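Note sheet for the following structure.
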Amino acid sequence: MILLRVQGVRKVYATLTALDGVDLTVMKNSFHGLIGPNGSGKSTLLKCIAGAEFANQGSVTFAGRDITRATPAARSRAGMSLKFQITSVLPSLSVYDNILLALQAQEVMGTLALSRSRGRLHGRVIDLLAQFSLFEKRHDLAGSLSHGQQQWLEIAMAISRDPALLLLDEPTAGMSRQERHVTGELLIPIKQRCSVLIVEHDVDFIKDICDTLTVLDQGAVVESGTTQHVQNSERVREAYLTHV
């Protein structure tokens, strides 16, 4: 079942064409990787999907609904969650409270004003802490976590909304080899709950967890298919050798 469909998306900044007729399909409960040389348009495409940018041409359909001109808030309510490359946790709050606040963001104001949600959400917070290897750090300030742990915390916060689609922009940027390996292990169980579209430079990381890869170069799709198909593509090799 198709969850996300991008058709003919074009994005132009003055004289720069960042995306030139991009097509992309993400299936339900699948991991889809988006790779390509620097400047190929990956992050721009992710922003057009999330609503941080609007496409000049083309369409974006999510769960059967045209969201091409929908606001980021409307896309979030429809079941889309985004984690950008730069971590945006609240450093002066505990790890526990960061996740609690992410959960409380979905609550109605009356419930929050009467402080009824903290106890009810406690079990959910603990589950997310355990799922992302942060339980032992639950009382620590988020700002004291390592870079990799802060990334895991932000993914946990994004997942707390129970999205149908999670968008990840270079989730392993700045991580050690060991942290990248752990990140892959932490992401795998998410497939049971939602689809994931990942923009990533680390091809070794992304090929091990994704069902499908789409390769961009100079704003256009070079290749799309299974990991094995893309790895064996002469067009992909040429794009990387020429433009990386």
Side-chain angles (χ1 to χ4, degrees), residues 31-47 49-50 52-53 72 76 80-105 121 124-163 165-191 193-210 213 216 227 240 244:
F31 279 15
H32 194 120
L34 189 58
I35 63 175
N38 291 330
S40 59
K42 303 183 297 297
S43 292
T44 301
L45 178 58
L46 205 67
K47 289 176 181 177
I49 293 170
E53 299 275 4
S76 177
M80 190 179 292
S81 189
L82 170 66
K83 182 208 167 309
F84 280 119
Q85 180 181 350
I86 299 174
T87 308
S88 59
V89 299
L90 299 172
S92 61
L93 294 182
S94 70
V95 173
Y96 181 101
D97 283 343
N98 267 266
I99 295 180
L100 177 63
L101 282 174
L103 288 166
Q104 287 178 326
L121 295 173
R124 180 77 174 117
V125 174
I126 295 301
D127 287 346
L128 285 164
L129 288 167
Q131 181 181 348
F132 286 90
S133 300
L134 294 169
F135 181 77
E136 298 300 325
K137 299 285 187 179
R138 63 192 182 280
H139 299 308
D140 294 358
L141 296 181
S144 71
L145 298 178
S146 70
H147 173 71
Q149 289 170 332
Q150 288 189 29
Q151 296 281 7
W152 301 338
L153 173 57
E154 192 168 10
I155 294 173
M157 293 165 66
I159 283 294
S160 72
R161 305 170 189 172
D162 288 323
L165 176 64
L166 175 63
L167 307 174
L168 297 176
D169 190 5
E170 299 189 35
T172 66
M175 287 188 184
S176 66
R177 182 182 297 275
Q178 176 61 23
E179 286 176 329
R180 291 198 298 271
H181 175 74
V182 173
T183 299
E185 293 183 334
L186 295 176
L187 286 174
I188 290 298
I190 293 176
K191 192 182 294 187
R193 301 164 55 183
C194 72
S195 297
V196 180
L197 177 60
I198 313 174
V199 170
E200 189 50 82
H201 277 296
D202 187 343
V203 177
D204 287 334
F205 165 79
I206 206 170
K207 71 180 179 61
D208 289 336
I209 66 171
C210 287
L213 295 179
L216 290 183
T227 301
Y240 270 90
V244 170

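As the structure is a computational prediction, the values presented were derived from the model and not from experiment.
Of all non-hydrogen atoms in Val196 and Leu168, the two that sit nearest each other are CG1-CD1, 3.8 Å. What you find for Arg180 and Asp202 is that their closest heavy atoms are NE-OD2, 2.7 Å. Ile99 approaches Leu128 most closely through the heavy-atom pair CG2-CD1, 3.7 Å.
The shortest distance between side-chain heavy atoms of Ile159 and Cys194 falls below 4.5 Å. By the 4.5 Å heavy-atom criterion applied to side chains, Ile126 and Tyr96 are counted as neighbours. Inter-residue side-chain proximity for Phe132 and Leu153 is flagged as unmet; no heavy-atom pair is nearer than 4.5 Å. Annotation: side chain of Thr183 is not in contact with side chain of Gln151 (no heavy-atom distance under 4.5 Å). Residues Ile190 and Gln131 form a side-chain contact, since some pair of their non-hydrogen atoms from C-beta on lies under 4.5 Å apart. At a threshold of 4.5 Å between non-hydrogen side-chain atoms, the residues Leu82 and Ile49 do not count as touching.
Rounding to the nearest 0.5 Å places CG of Leu186 at 11.0 Å from CD of Glu179. Within the model, atoms CZ of Arg161 and CE of Met80 stand 12.5 Å from one another, a figure rounded to the nearest 0.5 Å. Going from atom CG of Asp204 over to atom NE2 of His181 covers 13.0 Å, rounded to the nearest 0.5 Å. To the nearest 0.5 Å, atom CD1 of residue Ile198 and atom CG of residue Asp169 are 11.0 Å apart. Interatomic distance, Phe31 CZ to Ile188 CD1, rounded to the nearest 0.5 Å: 5.5 Å. One distance of note links CG of Asp140 with OG of Ser94; it measures 9.0 Å at 0.5 Å rounding.
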### Message
Using side-chain contact (heavy atoms from CB on, under 4.5 Å), reason through Leu187 and Ile155 one step at a time and then give a plain yes or no.
### Response
CA-CA 9 Å; Leu187 286 174; Ile155 294 173; 4.2 Å; yes

### Message
With side-chain contact (heavy atoms from CB on, under 4.5 Å) as the criterion, how do Arg124 and Asp162 come out once you've worked through the C-alpha distance, each side chain's angles and the decisive distance to 0.1 Å?
### Response
CA-CA 11 Å; Arg124 180 77 174 117; Asp162 288 323; 3.2 Å; yes

### Task
Dump the intermediate steps for side-chain contact (heavy atoms from CB on, under 4.5 Å) on Val182 and Trp152, then the final yes or no.
CA-CA 10 Å; Val182 173; Trp152 301 338; 3.6 Å; yes

### Query
Can Gln104 and Leu101 be said to form a side-chain contact (heavy atoms from CB on, under 4.5 Å), step by step?
CA-CA 5 Å; Gln104 287 178 326; Leu101 282 174; 3.5 Å; yes

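Thr172 and Glu200 share a donor-acceptor pair across their side chains, judged by distance under 3.5 Å alone.
Using modelled atom types, no side-chain atom of Ser76 and backbone atom of Pro72 make a donor-acceptor pair closer than 3.5 Å. Looking only at distances, no side-chain donor or acceptor of Glu154 sits under 3.5 Å from a matching main-chain atom of Val89. Remark: the backbone N or O of Gly36 is paired with a side-chain donor or acceptor of Lys42 at under 3.5 angstrom. A donor-acceptor pair under 3.5 Å is formed between the side chain of Asn98 and the backbone N or O of Leu90. In this structure, the side chain of Thr227 engages the main chain of Cys210 through a donor-acceptor pair within 3.5 Å.
With sequence neighbours left out, the salt bridge (charged side-chain N to carboxylate O under 4.0 Å, His left out) criterion links Arg138 to no other residue.
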